[in-house]
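First up is the structure itself, then whatever we jot down about it.
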Amino acid sequence: MDGEILRSVLGLAGVPLLVALTQMLKPFVPSARWYPLLAVCFGLVLNLLVAWAMSINGRAEWAAAALMGILAGLAASGLYSSGRTLRDG
């Protein structure tokens with residue numbers, strides 16, 4: 001149970017990290033349309049790395065980690081879009 005809570009917290013806590021990583025790569029990406037895809041890829045990789053570090057061995061747990069990563073990436077790209085919309089007016 002504690003591992004499940006830890007994975008959930010890490011998945012949610014990774015959203016600001018994903019936003020920061022996307023912002024760091026901004027000068028190297030030619031078009032803004034790739035930013036959400038970058039955030040989702042970073043989220044997926046980050047959560048799968050956490051799952052690997054926690055020695056997850058069940059197929060359902062790996063699927064849950066991947067889903068949490070995709071959702072974190074989508075949240076990060078939504079956060080980026082919302083912030084940009086608010087900033088630009």
Side-chain angles (χ1 to χ4, degrees):
M1 180 75 170
D2 291 332
E4 184 177 328
I5 293 171
L6 183 60
R7 282 192 302 273
S8 296
V9 169
L10 286 172
L12 296 174
V15 172
L17 176 64
L18 299 176
V19 172
L21 287 171
T22 304
Q23 287 295 326
M24 285 176 28
L25 288 180
K26 195 174 174 181
F28 307 107
V29 179
S31 175
R33 68 182 178 159
W34 296 106
Y35 298 158
L37 181 62
L38 279 174
V40 170
C41 289
F42 282 141
L44 184 61
V45 169
L46 177 69
N47 278 283
L48 289 176
L49 284 174
V50 168
W52 174 75
M54 294 180 69
S55 301
I56 290 179
N57 49 356
R59 181 177 283 198
E61 292 176 336
W62 279 103
L67 181 62
M68 182 69 75
I70 291 169
L71 291 175
L74 290 172
S77 64
L79 181 63
Y80 170 79
S81 301
S82 299
R84 187 169 147 192
T85 302
L86 289 173
R87 186 191 69 207
D88 293 342

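For clarity, every value in this text was computed on a predicted model and none was experimentally measured.
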Can you tell me how far apart CE (Met24) and CG (Leu17) are? Round to the nearest 0.5 Å.
9.0 Å
Inter-residue atom distance Leu21.CG - Tyr35.OH, 0.5 Å rounding:
14.0 Å
So if you build clusters from Ile, Leu, Val, Met, Phe, Trp, Tyr with side-chain heavy-atom gaps below 4.5 Å, do Leu74 and Val45 land together?
no
Taking Met54 as the starting point, is it possible to reach Leu49 by hopping between hydrophobic residues whose side chains are less than 4.5 Å apart?
no
Give the minimum heavy-atom separation between Leu18 and Thr22, together with the two atoms involved.
O-OG1, 2.8 Å
In this structure, CG of Asn47 is separated from CG of Leu71 (nearest 0.5 Å) by 9.5 Å
In this structure, SG of Cys41 is separated from CD1 of Ile70 (nearest 0.5 Å) by 9.5 Å
Closest heavy-atom contact between Ala39 and Ala76?
CB-CB, 4.2 Å
